[in-house]
Asks: 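Next up is a structure, given as structure tokens.
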Amino acid sequence: MNSVSPDFTPPEAAGHDDGILWWLGQATFALRRGDTLLLVDPYLSDSLAEKYRGTLFPHRRMVPIPVDPAGIRGLDAVLCSHGHTDHMDPGTIRAVQTASDPAFVVPRAERAKALDRGVPADRLVEINAGEDHVVGEVAVRAIPAAHEELTQDEMGNYLHLGFVLDVGGVRLYHSGDCVPYEGQADLLRDLGVQVALLPVNGRDAHRSGNGVPGNFHWYEAVQLCREAGIGTLICHHWGMFDFNTVDPVQLASDLSESAPDVHAIVPSVGAAYLLSPDGEVRNAG
């Protein structure tokens with residue numbers, strides 16, 4: 001598949017203090033502030049189609065790979081929320097080391113999996129819920145994620161994490177794969193989150209029963225934003241695999257009709273958004 005290849009340079013509309021966010025499909029986002037460039041949960045290969053060819057869920061891409069990971073320069077860090085391949089992808093992990101030397105921030109519970117998938121031991125940053133890490137101009141706080149449950153290893157480390165990112169004073173929440181859990185809204189409110197990147201492909205017994213745990217339904221994502229005082233919702237984890245998606249036109253209609261109080265964005269792949277210091281999110285055009 002051909003790449004459309006956003007180059008991750010700041011658009012002309014960006015001010016000195018703006019962060020810039022690109023959606024690259026599924027749960028994959030690129031984030032830049034100043035000279036700092038991050039990827040979160042990058043799935044920029046077709047490894048799942050190879051892995052699941054001929055099975056019930058063949059994982060064929062519905063969209064082209066939007067950027068060649070081997071061509072990304074100046075990448076400071078890759079954040080992986082958990083060990084599923086569309087979030088910790090060996091194809092992408094190896095490729096991004098071609099032109100960059102990023103750190104890899106991964107759940108401590110998934111250390112062995114990260115090493116097996118190509119993360120160099122000297123570039124591995126292990127993290128657990130409640131811990132912080134700074135990458136250049138971006139501060140990272142890890143919090144629990146429930147996919148579909150809160151799961152810990154024998155040492156108490158969470159297998160699934162979300163990330164709260166401080167980007168020039170703007171607090172951005174990438175939940176990883178997640179469903180609502182008790183105390184989540186209070187935690188996000190206390191952390192001052194202004195923008196939430198939430199997976200809205202939902203969940204059901206058919207998928208869960210066949211090894212595909214689910215995520216928020218769109219109305220649960222809206223409710224979390226309301227309860228946590230989050231003004232902007234960016235919907236993701238749709239449009240990649242035909243068995244695990246939602247109709248974006250219907251999604252946009254549902255959000256417009258039922259959630260006019262939340263600034264909800266249904267992005268297109270490769271779209272860039274400016275994160276202003278006041279927490280406003282606008283399309284970079």
Side-chain angles (χ1 to χ4, degrees), residues 24 26-31 38-53 55 57 59 65 69-70 72 75-135 138-165 174-179 181 199 207-215 237 240-241 244:
L24 303 177
Q26 199 70 339
T28 305
F29 287 86
L31 175 65
L38 308 180
L39 287 177
V40 185
D41 281 355
Y43 180 63
L44 299 172
S45 78
D46 210 15
S47 60
L48 281 170
E50 299 169 11
K51 180 179 179 180
Y52 289 108
R53 183 179 291 113
T55 66
F57 298 137
H59 287 73
I65 298 168
I72 300 175
L75 179 62
D76 294 284
V78 174
L79 278 57
C80 297
S81 64
H82 64 286
H84 289 160
T85 303
D86 55 333
H87 299 256
M88 186 187 290
D89 172 36
T92 301
I93 286 170
R94 293 185 172 92
V96 295
Q97 297 176 67
T98 304
S100 296
D101 187 25
F104 292 86
V105 182
V106 307
R108 184 168 294 113
E110 295 288 21
R111 169 185 168 84
K113 185 175 291 183
L115 293 172
D116 182 64
R117 293 187 180 180
V119 174
D122 63 349
R123 303 301 292 162
L124 177 63
V125 178
E126 302 171 38
I127 198 167
N128 190 34
E131 297 177 358
D132 301 301
H133 182 69
V134 176
V135 181
V138 179
V140 181
R141 162 66 64 93
I143 67 172
H147 188 34
E148 297 174 5
E149 299 176 345
L150 293 170
T151 308
Q152 295 169 275
D153 66 13
E154 63 277 4
M155 301 297 292
N157 298 306
Y158 286 90
L159 271 70
H160 310 102
L161 297 175
F163 299 112
V164 175
L165 310 175
H174 187 299
S175 69
D177 279 349
C178 196
V179 302
Y181 61 85
R207 284 178 288 180
S208 296
N210 285 282
V212 183
N215 288 310
H237 215 290
M240 181 65 74
F241 306 124
N244 203 20

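All figures in this text were calculated on a predicted structure; none of them were measured in a lab.
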Asks: Can you confirm whether P42 sits close enough to V78 that some side-chain heavy atom of one is under 4.5 Å from a side-chain heavy atom of the other?
Replies: yes
Asks: Taking salt bridge (charged side-chain N to carboxylate O under 4.0 Å, His left out) as the definition, give me every residue that meets it alongside R141, ordered by chain and number, with sequence neighbours left out.
Replies: D132
Asks: L124 vs L115, test: side-chain contact (heavy atoms from CB on, under 4.5 Å). Steps then yes/no.
Replies: CA-CA 8 Å; L124 177 63; L115 293 172; 4.0 Å; yes
Asks: Rounded to the nearest 0.5 Å, what separation is found between the CZ atom of R117 and the OG1 atom of T92?
Replies: 11.0 Å
Asks: Name the orientation class of the two ring planes belonging to Y52 and H59 (parallel below 30°, tilted from 30 to 60°, perpendicular beyond 60°).
Replies: parallel
Asks: Quick check for you: to the nearest 0.5 Å, what is the distance between L39 atom CG and S100 atom OG?
Replies: 9.0 Å
Asks: I want to check something: taking the side chain as every heavy atom from C-beta on, are H147 and H84 in contact at a cut-off of under 4.5 Å?
Replies: yes
Asks: Between D86 and Y43, which heavy-atom pair has the shortest distance, and what is it?
Replies: O-CB, 3.4 Å
Asks: Name the orientation class of the two ring planes belonging to H237 and H87 (parallel below 30°, tilted from 30 to 60°, perpendicular beyond 60°).
Replies: parallel
Asks: Should F29 and L79 count as side-chain neighbours, where that means a heavy-atom distance under 4.5 Å?
Replies: no
Asks: First locate atom CZ of F241, then atom CG of L48, and finally report the distance between them rounded to the nearest 0.5 Å.
Replies: 5.0 Å
Asks: Counting N and O atoms only, with roles assigned by atom type, does the side chain of Y181 sit under 3.5 Å from a partner on the main chain of P144, one being a donor and the other an acceptor?
Replies: yes
Asks: Minimum heavy-atom separation for S175 and P199, please, with both atom names.
Replies: OG-CD, 3.0 Å
Asks: Can you see which heavy atom on V125 is nearest to which on A103, and at what distance?
Replies: CG2-CB, 4.2 Å
Asks: What residues form a side-chain contact (heavy atoms from CB on, under 4.5 Å) with V135, not counting sequence neighbours?
Replies: T36, L38, D76, A77, H133
Asks: Please examine the side chains of E131 and R108, heavy atoms only from C-beta on, and report whether any two atoms are closer than 4.5 Å.
Replies: yes
Asks: Please report the closest heavy-atom contact between C80 and P107, naming both atoms and the distance.
Replies: O-CD, 3.1 Å
Asks: Search all heavy atoms of R94 against all heavy atoms of D116 and return the closest pair with its distance.
Replies: NH2-O, 3.4 Å
Asks: How about E149: does its CD atom have over 12 heavy atoms from other parts shown lying under 6.0 Å from it?
Replies: no
Asks: For residues 156-164, which side-chain N or O atoms pair as donor and acceptor with protein atoms under 3.5 Å away, sequence neighbours left out?
Replies:
residue, atom, partner, partner atom, Å
N157, OD1, N128, ND2, 3.4
N157, ND2, D153, OD2, 3.4

Asks: Please name the pair of heavy atoms, one in C178 and one in N215, separated by the smallest distance, quoted to 0.1 Å.
Replies: N-OD1, 2.7 Å
Asks: Which distance, rounded to the nearest 0.5 Å, do you find between the CG of D89 and the CD of Q26?
Replies: 11.0 Å
Asks: Can you tell me how far CG of L165 sits from NE2 of H174, rounded to the nearest 0.5 angstrom?
Replies: 8.5 Å
Asks: Working to the nearest 0.5 Å, report the span between CD of E154 and CD of Q152.
Replies: 11.0 Å
